[in-house]
Peer 1: 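One structure coming up, written as structure tokens, with questions to follow.
Order of the sequence lines fixes the chain letters, A, B, ..., with proteins taken first and strands second; residue numbering starts at 1 for each chain. Remember, it's a predicted structure, so these values are computed and weren't measured experimentally. Heavy-atom basis, side chains included; hydrogens, waters and symmetry copies ignored.
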Amino acid sequence: MSVNIYARMRESVLAGLRGIVPDLPEAIAARVDAGPTREAEHGDVATNAALVAAKAARMPPAKLAAALAAALAADPDIAAAEPAGPGFVNIRLRPAALHAELPSILRAGEAYGESRAGAMRRVNVEYVSANPTGPMHIGHCRGAVVGDALANLLAKAGYRVIREFYINDAGAQVAALAWAAYWRYLQALDSPLDEAAFDAATPGGLQYRGDYLIEVGAALARKHGATLAAPGLGIADPALWFDTVRETAVAMMMAAIREDLAALGVVHDVFTSERALLAAGAVDAAIERLAGADLIYEGVLEPPKGKLPEDWEPRPQTLFRSTRFGDDVDRPLRKSDGSNTYFANDIACHADKMARGAEIMIDVWGADHGGYVPRMQAVVKALAPDGGAKLEVVLCQIVHILKGGEPVRMSKRAGTFVTLRDLLDEVGRDVVRFIMLTRKSDAQMEFDLDAVLAQTRENPVFYVQYAHARCRSVLRLAAEQLGAEAVAPERLAEAPLGALTDAGELGLIRRLAGFPRLVDAAAEAREPHRIAFFLYDLAADFHTLWNRGRDDAALRFLQAEDPEGTRARLALVAATAVVIRSGLSVMGVTPVEEMR
RNA sequence: GCGCCCUUAGCUCAGUCGGAUAGAGCAACAGCCUUCUAAGCUGUCGGUCGGUGGUUCGAAUCCACCAGGGCGCGCCA
């Protein structure tokens, strides 16, 4: 397997630098970069080596750059190297060095861009984790896509990834679900009870009124007849029915959520039940561990500053000393009635992930949970004092759904909310996934149902897909003219590439060659959206080259009178398609073969 | 009151551990189809990177303070 051209240049730069500065500290070497230039006149590759190493070398940057440039001239891949600006070294590659990237891409196929940057570290990415109280709605969508793409990205960058869904099946929400399902059960049995009366009899009131629970009620009635209801079909003692109804309802809701996830193309490796963790005593065990480290105490919190809750009164609670790890206040683990807070359960959840070997835990949350981050990170620090595990949180800001510029209202209360399924039916899975990755996750985004279906350059989904379709179109035509064998990747990988001399062609190769370092940088930053922007830029390069074939016949890909040049350009086109597919696969988007 | 996130062209947004003259799309204007899909391409116009200081060879990027927007702040999850 040949090495990426930028990675190779970095090695060459480091070797040259070590020749000049024999005792180069590792920390400095790690900061040396060799990457694509922004300006064509700066050559193909620029390195900051002289700038970062000047101090260690006890030389002015410009002088060190000159010495490094002289040393690099010996590299056979380098046509010219010269010091520039405050201390850069600009490198112009021999075309053959760039050309070599194409067979490398063609042989790797969609594996192109994979790296070992993650060093096989174990990463647990937890995302979606919707309450099992109903089908997925649009609010879950962004986190699902971002989490899934991030997991793909980390896997590509050489991490061992576990994709986890944490089922919140133990809290008050699930109790409310059970009551709501019980209401539908009574209805299925033609109970004389009316909704208002049931609402009044339900602890906390009837919370879930959506139609999707009718099916749950019907299933309960089929399976249990009237045995869960009181004589006269009123509300029986919850001890008789509550667990049964809750289990059935949660199971059916989880089945619905899994179907929704499958429709979105999201697959998890592990589904962890909060209830099961509780039953196994995981919460108490985790609290014991913290108590053993003297991080738990009984105390009374200061009232929050500013707006005071109306019913505030100081009460003793079981508290975790999160302030020792940088949080603002200590956080309660048990409510004043002695039951556990959600925080306590979440501690058990993360302790469980660590016990299963996670070195890096990445939770994808809605931005409204932002205030929760410091306490959770504090707990992980407390549970892994040696730094053997850490928690990172990716926050996803809200997505505003628009239709023709007008906001689409969501009303969860009446059960008329916009579901994920509605969205998928409206615009399709690939569009949803791509658009969700066209913003940094912590920036708010607007999702216009009309705009994302437009077939213009301003719609990045279309624009990237169109570039891929054009690549495939050229290759189809070539297969007709030259035979399928001639355009097979392994054959194109052997093609002589000397004909690729045009600046646009070489620029496209430079772009393609930048993909591996883009993958590494995006994985490092936990920012899958960078893939989308890269593909957009790549598509622009390709569309430009395509159109230049109109003005300059020498740049047309297929030319009967120039078989060798044609093969070279087909290799470029095929490699472009490969990189687009490779990027799309990280995003979980299916490439299209042709536009219709 | 406190904490976190955000502020880049008229609009929507990129900006690769601090790097060279801050980049795209839209909008506006001017061009390109006997030729691999014009669903595309090319060019022009457009910026005190919210403000003020600081750190250094160098700041949109790091730090401090200020202004504006969003989210959150015990017994919800």
Peer 1: Where the side chain of A/F557 is concerned, which of B/G74, B/C36, B/A77 is the nearest nucleotide?
Peer 2: B/C36

Peer 1: Looking at every strand, decide which applies to A/R470 at a 4.0 Å heavy-atom threshold: base, sugar-phosphate, or nothing.
Peer 2: sugar-phosphate

Peer 1: For A/R334 and B/G74, what is the distance between atoms CZ and P respectively, to the nearest whole Å?
Peer 2: 20 Å

Peer 1: Among B/G72, B/G19, B/A77, find the nucleotide with the atom closest to the side chain of A/F88.
Peer 2: B/G19

Peer 1: A/H369 has a side chain; which of B/A77, B/G19, B/G70 sits nearest to it?
Peer 2: B/A77

Peer 1: Is there a donor and acceptor pair closer than 3.5 Å between the side chain of A/N48 and the base of B/G19?
Peer 2: no

Peer 1: What does A/E524 touch in the nucleic acid at a heavy-atom separation under 4.0 angstrom: a base, only the sugar-phosphate, or nothing?
Peer 2: nothing

Peer 1: Using a heavy-atom cut-off of 4.0 Å across all strands, would you classify A/L477 as base, sugar-phosphate, or nothing?
Peer 2: sugar-phosphate

Peer 1: Does A/D44 pair with A/R92 as a salt bridge, N-O distance under 4.0 Å?
Peer 2: no

Peer 1: What interatomic distance, in whole Å, is found between P of B/C33 and the corresponding atom of B/U12?
Peer 2: 36 Å

Peer 1: Do NZ/NE/NH1/NH2 and the carboxylate oxygens of A/R567 and A/E564 come within less than 4.0 Å?
Peer 2: no

Peer 1: By the 4.0 Å heavy-atom rule, please label A/A525 as base, sugar-phosphate, or nothing.
Peer 2: nothing

Peer 1: Select base, sugar-phosphate, or nothing to describe what A/H529 touches, counting heavy atoms under 4.0 Å on all strands.
Peer 2: sugar-phosphate

Peer 1: Starting the side chain at C-beta, find the nucleotide from B/G70, B/U37, B/G40 nearest to A/Q397.
Peer 2: B/G70

Peer 1: Suppose you measure atom P in B/C17 against the same atom in B/C13; what distance do you get, rounded to whole Å?
Peer 2: 23 Å

Peer 1: Remember a base hit wins even if backbone is also touched, and classify A/R31 as base, sugar-phosphate or nothing at under 4.0 Å, heavy atoms.
Peer 2: base

Peer 1: At under 4.0 Å, does any side-chain N or O of A/K440 touch on OP1 or OP2 of B/C5?
Peer 2: no

Peer 1: If you measure from the Lys or Arg side-chain nitrogens to the Asp or Glu carboxylate oxygens, is any gap between A/D330 and A/R324 under 4.0 Å?
Peer 2: no

Peer 1: Please determine, for the side chain of A/E527, which listed nucleotide (B/C76, B/G15, B/C36) has the closest atom?
Peer 2: B/G15

Peer 1: With nearest nucleotides of RNA chain B determined for A/L51 and A/P61 from heavy-atom distances, which residue corresponds to the more 5′ nucleotide?
Peer 2: A/L51

Peer 1: Of all the nucleotides listed (B/U12, B/C76, B/G40), which has the minimum atom distance to the side chain of A/R439?
Peer 2: B/U12

Peer 1: Do the side chains of A/E392 and A/R526 get close enough for a salt bridge, i.e. N-O under 4.0 angstrom?
Peer 2: yes

